[in-house]
**Student:** 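Here it is, the structure in full.
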4 protein chains.
Amino acid sequence: MTNCIGKSFTLSIFGESHGTGVGGTVSGCPANLELKIEDIQKELDRRKPGQSSITTQRKEEDKVHIFSGVYDNITTGQPIDIFIYNKDADSSKYEALLKIHRPGHADYTYSKKYGHRDWRGGGFSSGRLTAPIVAAGAIAKKILRDHNIKIIGYTKAIGEIEAENIDFDEIEKNSVRCPDNEKAKLMENKILEIKNEGDSIGGLVEVVAKGVLAGLGGPRFDNLKGEFDKAFHSSGAITNIGYGAGSKARYMRGSEFNDQMYSENGKIKFYSNNSGGIQGGITNGQDIEVSLTIRPTPSISKEQKTVDIYGNNTIIKIEGRHDPCLCPRIVPVAEALMAIVLVDQLKQNNYLK
Amino acid sequence: MTNCIGKSFTLSIFGESHGTGVGGTVSGCPANLELKIEDIQKELDRRKPGQSSITTQRKEEDKVHIFSGVYDNITTGQPIDIFIYNKDADSSKYEALLKIHRPGHADYTYSKKYGHRDWRGGGFSSGRLTAPIVAAGAIAKKILRDHNIKIIGYTKAIGEIEAENIDFDEIEKNSVRCPDNEKAKLMENKILEIKNEGDSIGGLVEVVAKGVLAGLGGPRFDNLKGEFDKAFHSSGAITNIGYGAGSKARYMRGSEFNDQMYSENGKIKFYSNNSGGIQGGITNGQDIEVSLTIRPTPSISKEQKTVDIYGNNTIIKIEGRHDPCLCPRIVPVAEALMAIVLVDQLKQNNYLK
Amino acid sequence: MTNCIGKSFTLSIFGESHGTGVGGTVSGCPANLELKIEDIQKELDRRKPGQSSITTQRKEEDKVHIFSGVYDNITTGQPIDIFIYNKDADSSKYEALLKIHRPGHADYTYSKKYGHRDWRGGGFSSGRLTAPIVAAGAIAKKILRDHNIKIIGYTKAIGEIEAENIDFDEIEKNSVRCPDNEKAKLMENKILEIKNEGDSIGGLVEVVAKGVLAGLGGPRFDNLKGEFDKAFHSSGAITNIGYGAGSKARYMRGSEFNDQMYSENGKIKFYSNNSGGIQGGITNGQDIEVSLTIRPTPSISKEQKTVDIYGNNTIIKIEGRHDPCLCPRIVPVAEALMAIVLVDQLKQNNYLK
Amino acid sequence: MTNCIGKSFTLSIFGESHGTGVGGTVSGCPANLELKIEDIQKELDRRKPGQSSITTQRKEEDKVHIFSGVYDNITTGQPIDIFIYNKDADSSKYEALLKIHRPGHADYTYSKKYGHRDWRGGGFSSGRLTAPIVAAGAIAKKILRDHNIKIIGYTKAIGEIEAENIDFDEIEKNSVRCPDNEKAKLMENKILEIKNEGDSIGGLVEVVAKGVLAGLGGPRFDNLKGEFDKAFHSSGAITNIGYGAGSKARYMRGSEFNDQMYSENGKIKFYSNNSGGIQGGITNGQDIEVSLTIRPTPSISKEQKTVDIYGNNTIIKIEGRHDPCLCPRIVPVAEALMAIVLVDQLKQNNYLK
């Protein structure tokens, strides 16, 4: 189903960027979990627009409502429905675009698939649909915490600028969400520079899961990498996904790539983590390490060649309030998606009631 | 399900490398399609071992049997069951490995998940399970042909050596399946050199679908990239998957990445294909372009550090007949997986009865 | 998934009887369908409590809100989210029951499965969850209408009293929803009599689909009867489901049961409809005829023996406002479920874009 | 998927009555289960044709082959593929029927769905496809035994003749599989009488699961009754399915139907089992009791009116070797289906690794 992910712990989403709001329903959450509205709100605040000078200035408080499944801050075991009203849904800026296919967007493909598109913004394809994902991810993270699993996402690179001195404590201290404070400043400057040019820029987001048990996932069509990729690609902004050594594996010898093992105090350990924590589709207990290439934001104010819905050649300049770089706000989304997949795995593998 | 892929056109697989054989069941194939055993056999022959000096010398004729769903070379619309007997299942070489976790393999993760592993070879995790995938892919390709969709896979790079002068007619003329005949020779030499060192090497495989209709796939959790990745990762050998500009998108500006459009003779065309033919999860009618990073073969005869099933530190040298590079034989597998996913999409989108 | 039905046209539901409200998300609805709030409201009004003297006196206006997927009364092709606020959620009557398992209810089984139960009413197991089903069914019915398929549900029997002179035009003219006006009066009197005794009574609801195309459904595990049953049993009140001759088939000869065929003006017709329109899991173009046995309402004010949550034997008398007979209000629910399944089938079988 | 059942413990089937054979693949079976070929064969022997004078005289030894997933009589945790060759596939008797739609069969509906049908017999719709179901059921039963769950199926009635003195030990001692030895004789005579008339007769099969834990199944669309029905209806021969009081619930008062509870020695017990062991979709620990109405066999040698594939009116007399009553051979099939569903539930509910 287009709007649904998961097998035992599931999320279905709905909503549009310029409609009443966006939301989702989480099914399969264990009963008797403590869940406060703040647990969800604080994650949404990390995703919401208008956080800094390098994100869109669109103002949305993104206040979350829980419509079911939680009673007196305790989950009931039944579906949890979450809703977030749209506040700043000013679609006047979009009216000019009503009849033009925006390059890099899903306008053309949606119109081919559905015979029309939602001209008030991206509609269901809008980045705004990541809000219920982040909300569901907040629930998943609470569950993971009880299993001592921690998920950390960050911006690894913006264009050519790449983090080197990794300190996870730095991530939330800068607006780029970069674990290298010095590089973060360079990144911020770069993004502002690009923004002033009316352009956008791509980057690299990494997500790490720490404390994962060995034995999650499965072989073949249950390969955990496939499950993660399916989740991550619910965002249209990802062009490349690598695990562990990722694209570097191409240059490696088997003797170099293979994660050799040793035993220490009765525990099996590895000399390297080129497999990114997943072998034969199944976790081996090492950190899961994923690298996501994020394309530059499609909405730019520079002139672009395109066609209108009647098939006429035309020129477009997209005004409006857009992120010049998607990375900082994709970080909590990527974390949420990884958390949701891992909780589904815990449930399928009998670690949750 | 671990052994099943697809929603409307489905494949379930079974078998072990050193058991009776391997096979699969295809469900949802249209009735009244002409299907000869040769249609399947010729694709299996591209995957089978022992094709050249750079692949494993294990001898398997991989003769395919159709047990159901086809009558007088015509499909009945009911499940097609395919079976391939194992012939050269000499597991004596494996006996020495019976109690040692091979680095880079799924031995350790399988034992953590299932409480045991199949020591006669990879068991269900064996590359041999790609045979029924290739067989099902042959059926899918026949269906695609009727819709003028063509799938082309090839080795793009081995280590540092990368194809430059791409000529698809060259692919099947060299043992590496490289579309650049000159680079193919360099690749072959490189692989033989690595093989003599008792080591293995990684590479890059690309798969292209030509003639795809716009409108396949779907938004969000139905994103076609997610569907493809889930299929590709049924092979444990892939460490990175990119679409269109792939990992290069990181360095690009929006004005550079966006595939700008124009209209010509009433047809919408694109100035570039950085999105790899998929926008917002949905095909736009351009070629689908996927790039798969293939890790070096895990089985190498060089000494490696590891642990046995009792947790003792030990050293392993894997004798036996292994591919020094997986790329040439993964090409037909990757094509098959892309074909299977596309036929499932055609069916879900009402192009097949 | 517990809260989800369908494959291509899907519904996921959420909510509790005594929480904020109940709702659901419909995915896979075709774009460009005219859909007004009244289309949904009028079906909800058929299900809502307080319609007559023989239904519960609980007052709920059950006003429906559409949060997404519809713009200017036209569907967008994206998920349609529906929400209905709870108004008359007086749970004070339930407080006495907080710690006692009500016989015939899911109290005990929920507590065994989830380790707790929602004492404010049935929670997710409440009949109130049929409201979003009826809402989704209203959308499905609109789609069916465009394919000339009509669904008619009615009360066939209450206890021993059974409709004989069937006139579908009578159904909505009496409070029992019985197509036999005379028997309807007897039924109403019977229900009031039972209500005054503090008891409840069972009955028979039938649902018919007219105008169905041949070829829907599928063999084996796709058998359309299985699909319908799975949908109908989302209500906990159904104890028996029959198709066509149903339970009478037991007494029949093959020569009597088989629906013999003839051709008339180039159209294939049947001499009987003992198969209820489904053969080998697939529709044959005759009316689909289903018969649902509805158990008596579990909540009764008569004394019953039971246990409390501590395992002590006790006596319960359930006060509150309950339907003495479920049939009249289950009719629109059964129609909705049949409509949802049929639209999913139309979509899977390529009759909907 | 047409040929697949289950979520965590799954079965996919394939084959035709008059092709090479029939088979299936079981996925999700726990590793390290002892499984001998005899465990499966003995169940198949209960289903195979030619067992007695009241079943078809078609001779099939139905020898089962295991192609994967079992090594040295121990399951590996990977897919178990089962195959049964067709031996007595004499389709000459069918040739006359090649172009005529047999009443009561799926000939007409298959031809409407697939644009053709398998004239060599029922093809995929053949009762022969229940053989792999019984084989998979044998595996499921072994698993259930380890959880002290026992499944008992039997013929409750043939036409008007109904078992009264139920003694489960009698079931396998008569050819009807009836637990009332005296009534069994009457049933046998009745069936032979019907057979001599060239006709067939319907009946009632009941299946009981003993020792089931409370808490299996789920609410709403996961209702265990829905899961069972979906499985049972993979046979086209069932016209009606009831649980517990079943169709009798229609006549009952709430005070009579509700299964009142009491506590005894710290265990919760029930005064009745009108719910058939399932409340709100979830097991309550009582026996699961299902009643299946079996229609009379469609293939009869009496003359019947029908049409040929060109739409001409004609008369058909079906010669060949057919069961005059399906009940005796459906008993092991119904048991198998219940066992498969219950194992899937155990797995989903964390009782199996």
Side-chain angles (χ1 to χ4, degrees), chain C residues 2 5 103-104 106 109 112-113 124-125 159 199-200 202-204 214-215 218-223 225-226 229-230 233-234 236 239-243 245-247 249-255 257-258 260-263 268 279-280 282 284 293 295-298 300 302 304-307 311 313, chain D residues 2 5 103-104 106 109 112-113 124-125 159 199-200 202-204 214-215 218-223 225-226 229-230 233-234 236 239-243 245-247 249-255 257-258 260-263 268 279-280 282 284 293 295-298 300 302 304-307 311 313:
Chain C
T2 281
I5 189 166
T109 56
K112 292 299 275 187
K113 186 168 190 79
F124 189 63
S125 80
D199 215 333
S200 61
L204 211 55
R220 301 293 161 200
F221 301 113
D222 275 356
N223 192 306
K225 292 192 267 188
D229 281 19
K230 198 163 164 37
H233 277 308
S234 65
T239 58
N240 186 82
I241 306 180
Y243 291 83
S247 60
R250 159 187 168 185
Y251 304 105
M252 295 166 89
R253 300 288 180 277
S255 55
F257 180 91
N258 285 348
Q260 300 188 32
M261 287 174 268
Y262 63 102
S263 178
I268 285 176
Q279 289 179 302
I282 301 168
N284 64 10
T293 307
R295 69 161 195 200
T297 320
I300 54 173
K302 277 200 166 170
Q304 298 181 88
K305 293 177 190 159
T306 187
V307 292
N313 287 311
Chain D
T2 281
I5 189 167
T109 55
K112 290 301 274 186
K113 188 170 187 77
F124 189 63
S125 80
D199 215 335
S200 63
L204 212 55
R220 299 293 161 201
F221 301 113
D222 275 355
N223 192 306
K225 292 193 267 187
D229 280 20
K230 197 161 163 40
H233 276 309
S234 65
T239 58
N240 187 82
I241 305 180
Y243 292 83
S247 59
R250 160 187 166 184
Y251 304 105
M252 294 165 89
R253 300 287 181 277
S255 56
F257 179 92
N258 285 348
Q260 300 188 33
M261 289 173 269
Y262 64 102
S263 178
I268 285 176
Q279 288 179 305
I282 302 168
N284 64 9
T293 306
R295 69 161 194 200
T297 320
I300 54 173
K302 275 199 168 172
Q304 296 181 87
K305 290 176 193 160
T306 188
V307 291
N313 287 312

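The structure presented is a predicted model; accordingly, all values stated were derived computationally and were not measured. Here is the naming used below: chain letters follow the sequence lines, and residue numbers restart at 1 for every chain.
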**Student:** Taking every heavy-atom pair that is under 4.5 Å apart, which of C/Gln304, C/Arg250, C/Lys225, C/Met261 has the most such pairs with chain D?
**Tutor:**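 Looking at each option in turn, the highest pair count goes to C/Arg250.
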
**Student:** With the side chain counted from C-beta on, respond yes when C/Ile282 and D/Lys112 share a heavy-atom pair under 4.5 Å apart, and no when they do not.
**Tutor:** no

**Student:** Name the option with the most non-hydrogen atom pairs under 4.5 Å to chain C; the candidates are D/Leu204, D/Thr297, D/Asp199.
**Tutor:** D/Asp199

**Student:** Does any N or O in the side chain of C/Lys230 come within less than 3.5 Å of the main-chain N or O of D/Asp229, such that one atom is a donor and the other an acceptor?
**Tutor:**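 Checking the backbone N and O of D/Asp229 against the side chain of C/Lys230, no donor-acceptor pair under 3.5 Å is found.
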
**Student:** Which residues pass the side chain to side chain donor-acceptor pair (under 3.5 Å) test with D/Arg220, sequence neighbours left out?
**Tutor:** none

**Student:** Quick one: of D/Gly202, D/Gly104, D/Gly280, D/Ser234, who has the most non-hydrogen atom pairs under 4.5 Å with chain C?
**Tutor:**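 Result: the option with the highest number of such pairs is D/Ser234.
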
**Student:** Report the option among C/Gly254, C/Gly242, C/Ala214, C/Gly311 that has the most heavy-atom pairs separated by less than 4.5 Å from atoms of chain D.
**Tutor:**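 Result: the option with the highest number of such pairs is C/Gly254.
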
**Student:** What part of C/Lys302 lies closer than 4.5 angstrom to a heavy atom of chain D: side chain, backbone, both or neither?
**Tutor:**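 For C/Lys302, the contact with chain D is made by the side chain alone.
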
**Student:** Do you know which of C/Gly236, C/Gly218, C/Ala245, C/Gly215 has the most heavy-atom pairs with chain D at a distance under 4.5 angstrom?
**Tutor:** C/Gly215

**Student:** Between C/Asn223 and D/His233, what is the shortest heavy-atom contact and its length?
**Tutor:**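 Smallest interatomic distance, heavy atoms only, reads ND2-O, 2.7 Å.
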
**Student:** If I measure from the heavy atoms of chain D, does C/Ile241 come under 4.5 Å with its side chain, its backbone, both, or neither?
**Tutor:** both

**Student:** Checking C/Asn284 now: which residues fulfil side chain to side chain donor-acceptor pair (under 3.5 Å) with it, not counting sequence neighbours?
**Tutor:** C/Gln279

**Student:** Where is the tightest heavy-atom contact between D/Thr2 and D/Phe124, given as atom of each residue plus distance?
**Tutor:**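 Of all heavy-atom pairs spanning D/Thr2 and D/Phe124, the closest is CG2-CE2, 3.7 Å.
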
**Student:** Below 4.5 Å, heavy atoms only, C-beta onward: do C/Ile300 and D/Phe257 meet side chain to side chain?
**Tutor:** no

**Student:** Of the listed residues (C/Gln260, C/Arg295, C/Met252), which shares the most heavy-atom pairs with chain D below a 4.5 Å separation?
**Tutor:**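 Most heavy-atom pairs within the cutoff with chain D belong to C/Gln260.
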
**Student:** What part of C/Thr293 is in contact with chain D, defined as an atom under 4.5 angstrom from a non-hydrogen atom: side chain, backbone, both or neither?
**Tutor:**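 For C/Thr293, the contact with chain D is made by the side chain alone.
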
**Student:** Under 4.5 Å from any heavy atom of chain D, what part of C/Thr306 do you find: side chain, backbone, both or neither?
**Tutor:** both

